[in-house]
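These numbers come from a predicted model, not from an experiment. In what follows, every heavy atom counts, from backbone to side chain, and hydrogens, waters and symmetry copies are set aside.
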Amino acid sequence: MPHLVTAIIKPFKLEEVKEALRGAGVVGLTVNEVQGYGRQGGKTETFRGSEYKMEFVPKVEIQVLVETGQVDKVIDLIAASARTGKIGDGKIWSYDLDRVMRIRTGELGDEAV
């Protein structure tokens with residue numbers, strides 16, 4: 001059964017994560033620019049001498065469809081290449097997909113990945 005692995009990472013780590021996944025044979029991914037906050041609750045910036053709080057921090061969301069046997073490998077690759085060791089590195093999660101179809105061929109399940 002296919003899985004969807006989703007990761008929220010720091011934007012400057014995107015290229016490193018993409019290259020790690022490509023090197024491991026992952027042939028496709030979807031990327032979205034997102035905003036949010038976690039434990040840090042936003043961040044404080046200084047602009048022209050004035051300090052202001054950014055409620056939402058810019059992040060990048062990556063989504064990767066993988067076969068069941070690749071889930072742990074893909075999660076480990078993303079974690080290793082996105083990690084800075086500082087607060088706000090992000091989160092990774094995955095879940096089973098009930099049904100996946102490649103539109104062009106009509107293939108279903110793992111064959112559609």
Side-chain angles (χ1 to χ4, degrees):
M1 180 176 296
H3 280 66
L4 180 64
V5 176
T6 303
I8 305 293
I9 64 169
K10 292 181 176 185
F12 71 89
K13 297 299 270 181
L14 176 60
E15 195 63 30
E16 193 174 334
V17 170
K18 183 182 80 171
E19 291 304 318
L21 291 171
R22 185 175 284 156
V26 174
V27 295
L29 59 98
T30 300
V31 176
N32 294 298
E33 293 179 4
V34 296
Q35 295 182 41
Y37 65 89
R39 290 183 181 170
Q40 81 269 24
K43 66 180 182 178
T44 304
E45 294 278 334
T46 303
F47 181 71
R48 294 185 180 176
S50 296
E51 203 171 272
Y52 66 98
K53 182 170 180 156
M54 290 180 56
E55 294 280 332
F56 297 102
V57 180
K59 300 285 184 172
V60 172
E61 177 186 48
I62 299 170
Q63 295 180 327
V64 184
L65 277 176
V66 298
E67 297 174 11
T68 302
Q70 292 185 303
V71 174
D72 290 335
K73 176 181 168 184
V74 166
I75 288 174
D76 291 343
L77 277 170
I78 293 170
S81 54
R83 183 175 293 119
T84 67
K86 296 188 170 101
I87 195 164
D89 273 352
K91 296 273 190 292
I92 305 170
W93 61 91
S94 74
Y95 47 93
D96 297 340
L97 298 176
D98 180 46
R99 190 171 176 102
V100 176
M101 175 189 276
R102 183 184 312 271
I103 295 172
R104 179 178 54 86
T105 62
E107 293 169 295
L108 296 172
D110 282 341
E111 290 80 35
V113 176

Considering residues at least two apart in sequence or located in another chain, which fulfil the side-chain contact (heavy atoms from CB on, under 4.5 Å) criterion with T6?
L4, E61, Q63, W93
Scan for salt bridge (Lys or Arg N to Asp or Glu O under 4.0 Å) pairs involving residues 76-92, sequence neighbours excluded, and state none if there are none.
K10-D89
Residue pairs meeting side chain to side chain donor-acceptor pair (under 3.5 Å), one or both in residues 99-113, sequence neighbours left out, come to R102-E107, T105-E107
Take a 6.0 Å sphere around CD1 of I87 and say whether it holds more than 12 heavy atoms from other residues, nucleotides or ligands.
yes
Residue list, salt bridge (charged side-chain N to carboxylate O under 4.0 Å, His left out) with E67, at least two apart or on another chain
none
Following the transitive rule for hydrophobic clusters with a side-chain heavy-atom cut-off under 4.5 Å over Ile, Leu, Val, Met, Phe, Trp and Tyr, establish whether L14 and V5 coincide in one cluster.
yes
Residues at least two apart in sequence or cross-chain that pass salt bridge (charged side-chain N to carboxylate O under 4.0 Å, His left out) with E33, listed by chain then number, are none
With a sphere of 6.0 Å drawn around CG of D96, does it hold more than 12 non-hydrogen atoms of other residues, nucleotides or ligands?
yes
Rounded to the nearest 0.5 Å, what separation is found between the NE2 atom of H3 and the CG atom of L97?
8.0 Å
Solution key, residues 15-29 side-chain donor-acceptor pairs under 3.5 Å, sequence neighbours excluded:
residue	atom	partner	partner atom	Å
E15	OE1	K18	NZ	3.4
E15	OE2	K18	NZ	3.1
E16	OE1	K13	NZ	2.9

Assigning hydrophobic clusters by single linkage (Ile, Leu, Val, Met, Phe, Trp, Tyr; side-chain heavy-atom cutoff under 4.5 Å), is V66 placed with V31?
yes
Using the rule that two of Ile, Leu, Val, Met, Phe, Trp, Tyr join whenever any of their side-chain heavy atoms come within less than 4.5 Å, decide whether Y95 and V113 are in one cluster.
yes
Are V71 and L65 connected in the hydrophobic side-chain network, where two residues link if heavy atoms are under 4.5 Å apart?
no
Nearest heavy-atom neighbours spanning I9 and A82
CG2-CB, 3.7 Å
Grouping I, L, V, M, F, W and Y whenever their side-chain heavy atoms are under 4.5 Å apart, do I92 and V60 come out in a common cluster?
yes
